[in-house]
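Just so we're on the same page: letters track the sequence lines, and every chain starts at 1.
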There are 2 protein chains.
Amino acid sequence: MAGRPRSFDRDAALGAALEQFWRTGYEETSVAMLTSAMGVTPPSLYAAFGDKRRLFEEASTVYFQRTCEAVDLAAALPSARAAVARVLDDTARAHTDPATPAGCLMLTEPRLEAQREVLRRRLKDRLDQGVRDRDLAASTNTDHLASFLVAVLRGMSGSARDGATTEDLLGIAETAMGAVHQVDRADRVVGD
Amino acid sequence: MAGRPRSFDRDAALGAALEQFWRTGYEETSVAMLTSAMGVTPPSLYAAFGDKRRLFEEASTVYFQRTCEAVDLAAALPSARAAVARVLDDTARAHTDPATPAGCLMLTEPRLEAQREVLRRRLKDRLDQGVRDRDLAASTNTDHLASFLVAVLRGMSGSARDGATTEDLLGIAETAMGAVHQVDRADRVVGD
DNA sequence: GTCAATCAATAGCGATCGCTACAGAATGGA
DNA sequence: TCCATTCTGTAGCGATCGCTATTGATTGAC
């Protein structure tokens, strides 16, 4: 029944595929690049992962779950403002980590729109909680603010791909924080 | 000396190429897609524009000049804050204009990094002028603010490609404005 | 040891990639 | 009119694309 065991570590190969997709994006990554990065021949790749699209989906799911864990960790902070600051700070550092490709696969890859919407939704939920906790102004438009934050994160990812440094991204993050508790100026003055 | 005249309008063909590049990006746009969009056969394309890369450069230069004109128009507004608001508002509308592809070629295409840097520089110059005019706080970090604005514009472009509406982008733009004159909170309170 | 099952590697499929050789059509100058 | 020149379209170049038929190697079950 049981035949010859596979000669490579599936998880390690998946990780290598993720890094390649991360570095060059879905369309620009050829199967030849993947097999080279994974140390696997094409038939093994297709036997283990189906096809290029499914390999990408599996790899991007790993990536997505990592991202969600980081966001959940930040969301656990006591105030919405602190949570947002943490997400922005983490992102600035992660996007320029020399140990990984620049930028963020989830924010850069066109076909991961659904994951971006999930991220947006999580941010909005945390902001809504912040409004209930009264650490954000009651008049805060959390929809706009969440979309704004995703846009900033995405912009940071693009800047990182263009060669921005950690300090550049931290500057963007710090500037973006200026928009977080100031959606309604009357409330801001009162609230402070 | 003069041989057979070309049978197509070069500028019109260039415009069609621009739209195709705008819609699908450089790498994802094949020469076959270009010839189809331009109504021209491959040899005519190569005779008139050199090769795919040079055609892209010519088309993106047209696009870049249009963008610069719009930014210069906004920069002519009396206050830096008004200029930034205008750029954000224009961008929100342009990125969702049904007459053109969603998003912005200059902000989305990886190989147009140099143009993004020029845009960033123009924004920074206008912000510096705003500091000199005292309509921005003296402590404003115009480098960070300019990088932030490019990141937001870029995020808006990506959101538009994901299907965001004009209203979505206007919400992002409005939220981003909250970060413009609030870089230093002490100055903000005094200044208002 | 034998066999069924599962893997790995070579080699190459049809399609598309960016690009061009070639030949015919259309022009202005002599 | 005839030629040099330039454009146009067909047809196809070599390379790469995503993917797979085929074969031989390696395993556990019996």
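Within the nucleic acid shown, B:Thr29 comes within 4.0 Å of sugar-phosphate atoms alone, with no base atom in reach, counting heavy atoms only.
With rounding to whole Å, B:Leu45 atom CG is found 14 Å from C:dC17 atom P. Taking atom CZ of residue B:Arg10 and atom P of nucleotide D:dT8, one finds them 12 Å apart after rounding to whole Å. Atoms CE (B:Met38) and C1' (C:dC19) sit 15 Å apart, rounded to a whole Å. Whole-Å rounding puts the B:Glu28 CD to D:dC17 P distance at 14 Å. The distance between atom CZ of A:Phe49 and atom P of C:dA8, rounded to the nearest whole Å, is 10 Å. Per the geometry, CZ belonging to A:Arg6 stands 14 Å off C1' belonging to C:dA5, to the nearest Å. Between B:Arg54 atom CZ and C:dC19 atom C1' there is a gap of 12 Å when expressed in whole angstrom units. Here the C1' atom of nucleotide C:dC19 and the CZ atom of B:Arg53 are 14 Å apart, to the nearest Å.
No side-chain N or O of A:Arg6 forms a donor-acceptor pair with one of A:Ser44 less than 3.5 Å apart. Side-chain atoms of A:Asp168 and A:Thr165 include a donor-acceptor pair closer than 3.5 Å.
The phosphate of C:dA8 has OP1 or OP2 within less than 4.0 Å of a side-chain N or O from A:Ser44. The side chain of B:Tyr46 contributes an N or O atom lying less than 4.0 Å from OP1 or OP2 of C:dC19. For B:Ser30 and C:dC17, the shortest distance from a side-chain N or O to OP1 or OP2 is below 4.0 Å.
Of the candidate nucleotides D:dT8, C:dA8, C:dG18, C:dG18 has the atom nearest to the side chain of B:Val31. Of the candidates D:dC19, C:dA9, D:dT8, D:dC19 carries the atom nearest the A:Asp51 side chain, counting heavy atoms from C-beta on. Distances were taken from every side-chain heavy atom of B:Arg4 (C-beta onward) to each of D:dG9, D:dC19, C:dG24; the shortest belongs to C:dG24.
Relative ring orientation between B:Tyr63 and B:Trp22 is described as perpendicular, the plane-to-plane angle rising above 60° on a 0-90° scale split at 30° and 60°.
Between B:Phe8 and A:Pro42, the residue whose closest nucleotide on DNA chain D is further toward the 5' end is B:Phe8. The residue among A:Gly39 and B:Pro5 whose nearest nucleotide of DNA chain C is located toward the 5' end is A:Gly39.
In this structure, A:Glu109 and A:Cys104 have side chains that are not in contact, with every pair of non-hydrogen atoms separated by 4.5 Å or more.
For B:Ser147 (side chain) and B:His144 (main-chain N/O), no donor-acceptor pair under 3.5 Å exists by modelled atom type.
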